[in-house]
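All values reported here derive from a predicted model rather than from experimental measurement. Each residue takes its place number in the sequence, starting with 1.
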Amino acid sequence: MAEPAALSPPPIDSRLPNVGVTIFTRMSQLAADCGALNLSQGFPDFDGPEALLERVRFHLGNRENQYAPMMGVAALRQAISRKVLDLYGLATDPDTEVTVTSGATEALYCAIAAVVRPGDEVILFEPAYDSYEPVVTLHGGRVRRVALTAPDYRVPWDTVGALINQRTRLIITNSPHNPTGTIWRAEDLAQLSALQRRSGCFVVADEVYEHILFNGEQHESVCRYPELYRSSFVVSSFGKTYHVTGWKIGYCVAPPALTAEFRKLHQYVTFTSNTPVQLGLADFLRAHPEHHLQLGQFYERKRDRLLAALAGSRFRFQPADGTYFQALDYSAITHEDDCTWTERLTREAGIALIPLSPFYGDPSTARMVRVCFAKDDATLDRAAELLCQL
């Protein structure tokens, strides 16, 4: 008797049919394949502080290797709460308003998913970090984009106000801004607060680069504005602050009712995060607040070193106000689109950058790229040498 034909697996009706591998994965893989200098994906090529690494090693060897509480170890939540109070004047309850997550990406996912429902509209500002829109789509929401225009990338608040309607559920903010390196100022937060008050919508504030601002600028966290905070999820990242992106530890600060909804998702996404790393971070955050207080100066020197070396190049740029990214206009070099040019640059010139068009919902004709300057000085000098040859 003949064997029955093997059944084919059922077709997958993708919930994200237009989503592929991220531009960060593609460019980092291309850089590795070509042996190119990788200034594309946003990670340092130097290690975290030795005192932090020592504290993690201590907890690894001290039998602290089992599950942490779902919301994060108490010591770290308490340290985060103290930091928020010290920096922004906001008193938070570490038990009901602070949640430790497996990276800021998880926190952003849980925050967006906690409030977006089918038919809701979500306002975001583009160029926008690529993790926002897929979460909105997965939960039946519709993205409404507000374009930020080079070179200043300031928010056109009249445009935002015109988009507000009864379906507006959420506004997603990002300051300091990836990929442009711009920041929001007090007048921007005042405008946001007024719109939130008028619409009753929620806010997700992506503040992962909160400690990396230049020229004496102050970070205008949503946490500085108590009325706005009452309807907001504020997300940050230890990986960005302590040069340990591979540890994937972030957190979300939100008022109790929003935190309760956030944790309902968090407990089924990752449940909890690495215990000895959390404990080491708690120790270091308490003992060495000077690290995050001096981080802006640390990266400002790197920004200035890179831009000074690029002064004689054909790139045009406005110095970044924050983050460890610098946007560069390459229109004087070639008319190629940014994706084609960055791939050719990686293969032929041996340096990988990030094109800005993947940060837009519709194809962008702007000839802009993003360079990561979270690199040691020798790497930055070599990168500038290669870019000045173009």
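Taking 4.0 Å as the cut-off between side-chain N and carboxylate O, Glu220 and Arg185 do not count as a salt-bridged pair. Salt-bridge check for Arg145 with Asp362: failed, with every basic side-chain N at 4.0 Å or more from each acidic carboxylate O. Ion pairing between Arg154 and Glu187 fails under the 4.0 Å rule for side-chain N and carboxylate O. Between Arg305 and Asp381 a salt bridge is recorded (basic side-chain N to carboxylate O distance below 4.0 Å). For Asp338 and Arg367, the salt-bridge test fails: no basic side-chain N is under 4.0 Å from an acidic carboxylate O. A salt bridge links Glu336 with Arg344: at least one charged nitrogen is closer than 4.0 Å to a carboxylate oxygen.
For CZ of Arg117, the number of neighbouring non-hydrogen atoms (other residues, nucleotides, ligands) closer than 6.0 Å is greater than 12. More than 12 heavy atoms of other residues, nucleotides or ligands sit less than 6.0 Å from atom CZ of Phe46.
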Query raised in the report: When you look at Leu228 and Leu192, which way does the side chain to side chain contact (heavy atoms under 4.5 Å, CB included) test go after all the steps?
Result: CA-CA 8 Å; Leu228 185 57; Leu192 176 63; 3.8 Å; yes

Requested in this report: Would you check, one step at a time, whether the test salt bridge (charged side-chain N to carboxylate O under 4.0 Å, His left out) holds for Lys302 with Asp377?
Outcome: CA-CA 7 Å; Lys302 291 187 175 295; Asp377 289 349; 3.3 Å; yes

Report task. Walk me through it: do Ser273 and Ser102 pass the test side chain to side chain donor-acceptor pair (under 3.5 Å)? Result -> CA-CA 5 Å; Ser273 303; Ser102 295; 2.7 Å; yes

Requested in this report: Test side chain to side chain contact (heavy atoms under 4.5 Å, CB included) on Arg316 and Leu310 and set out the steps.
Outcome: CA-CA 9 Å; Arg316 292 195 295 266; Leu310 292 178; over 6 Å; no

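The backbone N or O of Leu213 lies less than 3.5 Å from no partner atom in the side chain of His219, so there is not a single donor-acceptor pair. Judged by distance alone, the side chain of Arg198 and the main-chain N or O of Gly161 form a donor-acceptor pair under 3.5 Å. Of the possible donor and acceptor atoms, one in the side chain of Ser313 sits under 3.5 Å from a partner among the backbone N and O of Phe315. A donor-acceptor distance shorter than 3.5 angstrom exists from the side chain of Thr275 to the backbone of Gln66, with no hydrogens or angles considered. No donor-acceptor pair closer than 3.5 Å links the side chain of Glu207 to the backbone N or O of Thr173. Remark: the backbone N or O of Glu64 is not paired with any side-chain donor or acceptor of Asn62 at under 3.5 angstrom. Under the 3.5 Å distance criterion, the side-chain polar atoms of Asn215 are left unmatched by any main-chain donor or acceptor of Glu217. Between the Thr259 side chain and the Ala254 main chain, a donor and an acceptor come within less than 3.5 Å of each other.
Nearest approach of Pro134 to Val19, heavy atoms of both residues: CG-CG2, 4.4 Å. Closest non-hydrogen pair, Val116 versus Val136, comes out as CG1-O, 4.3 Å. When all heavy atoms are compared, the tightest approach of Phe214 to Arg303 is CD1-NH1, 3.6 Å. Of all the heavy atoms in Val73 and Ala68, the pair that sits closest is CG1-CB, 3.7 Å.
Annotation: side chain of Val234 is not in contact with side chain of Cys252 (no heavy-atom distance under 4.5 Å). Residues Ile354 and Phe359 have side chains in contact (heavy-atom distance under 4.5 Å, counting atoms from C-beta outward). Annotation: side chain of Thr137 is not in contact with side chain of Arg15 (no heavy-atom distance under 4.5 Å). Using a 4.5 Å cut-off on side-chain heavy atoms (C-beta onward), Glu343 and Leu30 make contact. Residues Met27 and Phe24 fail the side-chain proximity criterion, which asks for heavy atoms closer than 4.5 Å. Residues Leu163 and Val146 have side chains in contact (heavy-atom distance under 4.5 Å, counting atoms from C-beta outward). At a threshold of 4.5 Å between non-hydrogen side-chain atoms, the residues Tyr109 and His139 count as touching. Here the side chains of Leu87 and Leu293 are in contact, with some heavy-atom distance below 4.5 Å.
Judged purely by distance below 3.5 Å, without hydrogens or angles, the side chains of Ser131 and Thr105 never pair a donor atom with an acceptor atom. Defined by atom type and a distance below 3.5 Å, a donor-acceptor pair is missing between the side-chain atoms of Asn274 and Gln278. Side-chain atoms of Asn38 and Ser28 include a donor-acceptor pair closer than 3.5 Å. No hydrogens or angles considered: a donor-acceptor pair under 3.5 Å links the side chains of Asp45 and Thr379.
Seen from the ring of Phe43, Lys375 counts as a face-on cation partner, given the 6.0 Å and 45° thresholds.
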Going by atom type alone, with no hydrogens or angles, which donor-acceptor pairs under 3.5 Å involve a side-chain atom of residues 242-249 and a protein atom two or more places apart or on another chain?
| unit_1 | atom_1 | unit_2 | atom_2 | d |
| --- | --- | --- | --- | --- |
| His243 | ND1 | Tyr299 | OH | 3.2 |

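Between Trp184 and Tyr153, the ring center distance fails the sub-6.0 Å criterion. Aromatic rings from Tyr251 and Phe238 are positioned such that their centres are separated by under 6.0 Å. Between Tyr209 and Phe325, the ring center distance clears the sub-6.0 Å criterion.
Legend: salt bridge (Lys or Arg N to Asp or Glu O under 4.0 Å) pairs involving residues 89-98, not counting sequence neighbours, sorted by first then second residue: Arg77-Asp95. Pairs of residues two or more places apart, or lying in two chains, that qualify as side-chain hydrogen bond (donor to acceptor under 3.5 Å, both in side chains) and include a residue from residues 49-60 are Glu50-Arg57, Arg55-Asp283, His59-Asp283.
Atom OG1 of Thr340 is separated from atom NE2 of His335 by 14.5 Å, given to the nearest 0.5 angstrom. Once rounded to the nearest 0.5 Å, the distance linking CD of Glu106 with OG1 of Thr99 reads 9.5 Å. The structure places NE2 of His291 at 8.0 Å from CG of Leu52, a figure rounded to the nearest 0.5 Å. Residue Phe202 holds its CZ atom at 8.5 Å from CG of Leu170, rounded to the nearest 0.5 Å. Interatomic distance, CZ of Arg230 versus OG of Ser193, reported as 9.0 Å (0.5 Å rounding). Of the inter-residue distances, the one linking Glu210 atom CD with Ile183 atom CD1 reads 13.5 Å to the nearest 0.5 angstrom.
Phe271 and Tyr67 have perpendicular rings, their planes meeting at more than 60° on a 0 to 90° scale where under 30° would count as parallel. Between Tyr132 and Tyr129, the two ring planes are perpendicular [angle over 60°; tilted spans 30° to 60°].
Just one residue in the list Gln78, His211, His292 forms a side chain to side chain donor-acceptor pair (under 3.5 Å) with Lys83, and that residue is His211.
Partners of Gln196 according to the side-chain hydrogen bond (donor to acceptor under 3.5 Å, both in side chains) rule, which considers only residues two or more places apart in sequence or in another chain, are Ser231. With sequence neighbours left out, Asn174 forms a side-chain hydrogen bond (donor to acceptor under 3.5 Å, both in side chains) with no residue at all. With sequence neighbours excluded, the residues forming a side-chain hydrogen bond (donor to acceptor under 3.5 Å, both in side chains) with Glu290 are His288, listed by chain and number.
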